[in-house]
Amino acid sequence: MTRRLYTFLNGQSDGRKNMKALLGGKGANLCEMARHGLAVPPGFTITTEVCQEFYRNNKQLPEGLMHEIKAAVLLIQDDMHETFACTENPLLFSVRSGAAVSMPGMMDTVLN
């Protein structure tokens with residue numbers, strides 16, 4: 001199975017700056033900064049291939065993707081000592097869209 005998520009936390013990531021076609025510009029650079037120990041909040045990037053698969057699959061999320069996302073959220077929860085969707089100590093995420101090449105005005109993404 002092709003890898004669909006790349007996490008970045010605790011100064012570690014398998015993503016690299018030269019992976020912009022796969023991770024988008026923001027995702028590739030966040031992974032690279034985390035690898036170099038810069039103060040990047042932990043997170044994950046869903047690959048651009050998932051977006052392509054989404055459209056090939058009649059705008060349905062690929063099978064198993066939600067399980068992978070939930071596993072990534074659990075990793076981040078453990079790292080941050082916060083809980084996603086908790087009212088007492090909430091873990092908050094910033095959701096950003098991105099592409100390998102910037103296309104101003106193009107917001108037709110999975111987020112929409």
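Just so you know, these numbers use all the heavy atoms, side chains as well, and skip hydrogens, waters and symmetry mates.
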K.L.:
Below 4.5 Å, heavy atoms only, C-beta onward: do Thr2 and Glu49 meet side chain to side chain?
P.N.:
yes

K.L.:
So which atom in Thr45 and which in Gly27 form the shortest heavy-atom distance, rounded to 0.1 Å?
P.N.:
OG1-CA, 3.5 Å

K.L.:
The criterion is side-chain hydrogen bond (donor to acceptor under 3.5 Å, both in side chains); which residues satisfy it with Asn57, sequence neighbours excluded?
P.N.:
none

K.L.:
Minimum heavy-atom separation for Glu32 and Arg16, please, with both atom names.
P.N.:
OE1-CA, 3.4 Å

K.L.:
Taking side chain to side chain contact (heavy atoms under 4.5 Å, CB included) as the definition, give me every residue that meets it alongside Ile69, ordered by chain and number, with sequence neighbours left out.
P.N.:
Leu5, Phe44, Ile46, Leu65, Met66, Val73

K.L.:
Under 6.0 Å from the six-membered ring centre of Phe54 and within 45° of its axis: does the NZ or CZ of Arg56 meet both?
P.N.:
no

K.L.:
Atom CG of Leu61 and atom NZ of Lys59: how far apart are they, to the nearest 0.5 Å?
P.N.:
12.5 Å

K.L.:
Minimum heavy-atom separation for Ala21 to Thr48, with atom names?
P.N.:
O-OG1, 2.6 Å

K.L.:
Please give me the minimum heavy-atom distance between Leu23 and Thr47, naming the atom from each residue.
P.N.:
CD2-CG2, 4.1 Å

K.L.:
Quick one: name the residues clustered hydrophobically with Leu30, using the 4.5 Å side-chain heavy-atom rule over I, L, V, M, F, W, Y, and just say none if it's on its own.
P.N.:
Phe8, Met33, Leu38, Val40

K.L.:
Do the side chains of Asp14 and Arg35 get close enough for a salt bridge, i.e. N-O under 4.0 angstrom?
P.N.:
no

K.L.:
Would you say the side chain of Asn29 lies within less than 4.5 Å of the side chain of Lys20, judging by non-hydrogen atoms?
P.N.:
yes

K.L.:
Restricting to side-chain hydrogen bond (donor to acceptor under 3.5 Å, both in side chains), what partner residues turn up for Glu53, sequence neighbours left out?
P.N.:
none

K.L.:
Quick one: side chain to side chain contact (heavy atoms under 4.5 Å, CB included) partners of Leu91, sequence neighbours excluded?
P.N.:
Ile76, Gln77, Met80, Glu82, Phe84, Phe93

K.L.:
Please report the shortest heavy-atom distance between Asn89 and Cys86, naming the atom on each side.
P.N.:
N-SG, 3.5 Å

K.L.:
How long is the gap from SG on Cys31 to CE on Met19, to the nearest 0.5 Å?
P.N.:
7.5 Å

K.L.:
Could you tell me which residues satisfy side-chain hydrogen bond (donor to acceptor under 3.5 Å, both in side chains) with Asp78, sequence neighbours excluded, listed by chain and number?
P.N.:
none

K.L.:
Are Glu68 and Arg4 close enough for a salt bridge, meaning some N to O gap below 4.0 Å?
P.N.:
yes

